[in-house]
Engineer: 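This is the structure I want to talk about, given as structure tokens.
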Amino acid sequence: MNRPVDPHEMIQAPSLAGPHEGYMPGFGNDYETEALPGALPQGMNSPQKCDYGLYGEQLSGTAFTAPSHQNERTWCYRIHPSVKHSHRYEKIDLPYWKSAPHVDPDVVSLGQYRWDPVPHSEQSHTWLTGMHTMTTAGDVNTQVGMASHVYLVTDSMVDSYFFSADSELLVVPQEGRLRFATELGIIDLEPQEIAIIPRGLVYRVEVLEGPCRGFVCENYGQKFELPGRGPIGANCMANPRDFKAPVAAYEDREVPSTVTIKWCGQFHETKIGQSPLDVVAWHGNYAPVKYDLRTYCPVGAILFDHPDPSIFTVLTAPSGQPGTANIDFVLFRERWMVAENTFRPPWYHKNIMSELMGNIYGQYDAKPQGFVPGGVSLHNMMLPHGPDKNAFEGASNAKLGPEKLDNTMSFMFETRFPQHLTRFAAKEAPLQDDYIDCWSDIEKKFDGSPGVK
Ligand SMILES: [Fe+2]
């Protein structure tokens with residue numbers, strides 16, 4: 001059963017009314033917020049005694065000595081220090097949540113794959129038990145690579161909390177509404193929005209409207225940032241003001257509680273005597289955010305040709321090699337197609353990067369059939385892919401005028417590392433065995449004679 005959610009359960013800081021109610025705009029801003037007046041120290045971080053009897057604590061998202069433009073940390077003023085939210089640890093098993101390196105000897109990852117939406121079952125799932133890993137890449141222990149997951153969530157976490165020391169989570173809902181009640185405040189999330197939950201941040205996930213399905217990119221490496229726009233300039237694509245961090249919210253609840261921690265690919269539980277969501281005030285630039293994908297302003301071809309899909313990058317997580325991302329999060333949304341004398345859908349392609357796609361809603365232009373909302377496809381490192389025959393013939397013979405590509409929102413998690421399928425993805429999830437056949441009827445047109453065929 002879904003737990004009824006009381007939105008007033010946590011005491012929230014006052015904030016602006018209107019579209020930013022409950023949130024503060026900006027990406028990587030130096031935010032500050034307090035749920036009780038005067039709880040946030042001014043002019044210093046660590047007073048001898050904090051007001052209200054709060055404990056001061058720093059959450060470091062980067063090394064102390066990271067370059068200034070990348071340095072992220074947040075100061076929390078809380079009812080208990082985090083050491084009170086951590087006791088002895090006991091290992092537990094979450095059988096569907098896998099971490100890299102994870103290479104199943106019975107699974108062939110080399111191939112072009114596509115899945116129907118992973119269906120809900122009779123079984124109820126929380127955020128933790130409902131996380132079903134599809135692919136892993138890199139190595140969680142050396143903090144490179146990623147995992148892709150499909151989540152199926154029916155039940156709220158009750159007196160149960162979670163954090164991942166391994167990763168930040170990029171959450172892409174496809175169905176249902178979730179609430180992330182975090183140490184730093186509340187994020188409500190619905191399809192066509194995304195959220196970034198930072199590494200180390202404690203939270204619980206509640207179901208506002210279920211059942212819920214969506215996608216998660218678990219980033220083991222350097223944090224997501226906004227891509228450089230280069231000659232595009234200071235505007236368009238994802239604009240920083242459209243990201244929203246929550247205002248402070250806390251609860252003062254002394255009840256037996258469980259905190260689950262993901263650490264080096266394994267899960268551990270610790271029992272504590274209170275809610276860990278007890279941060280009354282905070283300031284800093286290491287915070288969860290949400291973003292409305294409908295505010296993404298696509299930039300593209302306005303005369304001819306089809307630019308590389310990197311033109312649609314929403315967020316990028318660098319790998320240390322300039323221009324070669326650990327992960328790019330790329331969005332294919334509604335837009336106008338106006339290119340003249342051009343094959344407009346994505347071209348045929350082989351890529352050193354590995355491309356995992358998900359469909360949020362509608363039809364994707366290179367695959368009008370078979371890639372359905374909730375579905376996933378994988379075109380792994382150096383595996384050829386591209387339009388099916390119908391998409392090719394349609395786009396090759398279309399009368400080209402301005403055309404609105406409507407009712408479409410798909411995304412890609414693209415990584416420099418090959419992606420390995422889990423046993424769940426290969427054996428249990430609804431794999432479309434005939435996906436590879438979508439290219440089988442592409443004809444040979446060449447006959448040695450010149451001219452357009
Ligand atoms: Fe591609």
Side-chain angles (χ1 to χ4, degrees), residues 108-115 134-138 145-148 170 172 215 217 219 227 237 293 296 298-301 304-317 319 321 323-335 337 339 342-360 362-373 375-396 405 408-421 425 431-432 434-440 442:
V108 177
S109 295
L110 180 68
Q112 302 95 331
Y113 291 111
R114 193 167 67 189
W115 292 264
M134 299 293 287
T135 65
T136 67
M146 55 160 275
S148 67
L170 170 65
V172 186
F215 313 93
C217 181
N219 175 15
M237 302 170 71
L293 295 170
Y296 184 83
V299 173
F304 64 88
D305 259 350
H306 180 110
D308 292 336
S310 44
I311 197 80
F312 298 140
T313 303
V314 182
L315 294 158
T316 187
S319 72
Q321 183 175 331
T324 303
N326 185 30
I327 308 160
D328 281 328
F329 173 63
V330 184
L331 181 71
F332 307 100
R333 65 159 304 185
E334 291 89 351
R335 58 199 182 273
M337 312 277 270
T342 291
F343 183 77
R344 289 179 176 177
W347 15 251
Y348 292 104
H349 189 203
K350 271 171 76 174
N351 192 354
I352 189 170
M353 307 284 279
S354 298
E355 307 175 7
L356 184 129
M357 287 189 62
N359 187 336
I360 299 169
Q363 262 186 0
Y364 178 63
D365 54 338
K367 302 279 167 43
Q369 269 92 44
F371 182 46
V372 299
V376 174
S377 71
L378 174 67
H379 301 112
N380 226 331
M381 179 179 67
M382 283 302 176
L383 270 293
H385 53 281
D388 58 27
K389 185 190 174 192
N390 286 343
F392 178 82
E393 295 296 339
S396 301
L405 202 58
T408 187
M409 187 176 275
S410 294
F411 69 87
M412 179 161 67
F413 301 148
E414 185 179 31
T415 172
R416 64 176 296 186
F417 300 104
Q419 300 192 39
H420 293 274
L421 268 60
L431 187 65
Q432 297 176 0
D434 59 352
Y435 175 49
I436 189 98
D437 299 334
C438 77
W439 297 293
S440 61
I442 294 174

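When a ligand or atom number is given, it counts from 1 through the structure's own listing order. Fair warning: this is a prediction, and the values are worked out from it, not measured in the lab. Heavy-atom basis, side chains included; hydrogens, waters and symmetry copies ignored. We're numbering straight along the sequence, starting at 1.
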Engineer: What number of protein N, O or S atoms occur at distances under 2.8 Å from the Fe ion (ligand 1)?
Structural biologist: 4
Engineer: Among residues at least two apart in sequence or on other chains, which ones pass ring pair (Phe, Tyr, Trp, His ring centres under 6.0 Å) with Phe417?
Structural biologist: none
Engineer: Over 60° means perpendicular and under 30° means parallel, so tell me whether Phe312 and Phe332 are parallel, tilted or perpendicular.
Structural biologist: perpendicular
Engineer: Using a 6.0 Å cut-off, check whether atom NZ of Lys350 has over 12 heavy atoms from anything other than its own residue.
Structural biologist: no
Engineer: For Leu110, is the CG atom crowded, meaning more than 12 foreign heavy atoms sit under 6.0 Å from it?
Structural biologist: no
Engineer: Just jot down the ring pair (Phe, Tyr, Trp, His ring centres under 6.0 Å) partners of Trp439, sequence neighbours excluded, or say none.
Structural biologist: Tyr435
Engineer: Using the salt bridge (charged side-chain N to carboxylate O under 4.0 Å, His left out) criterion, which residues pair with Glu393? Sequence neighbours excluded.
Structural biologist: Lys445
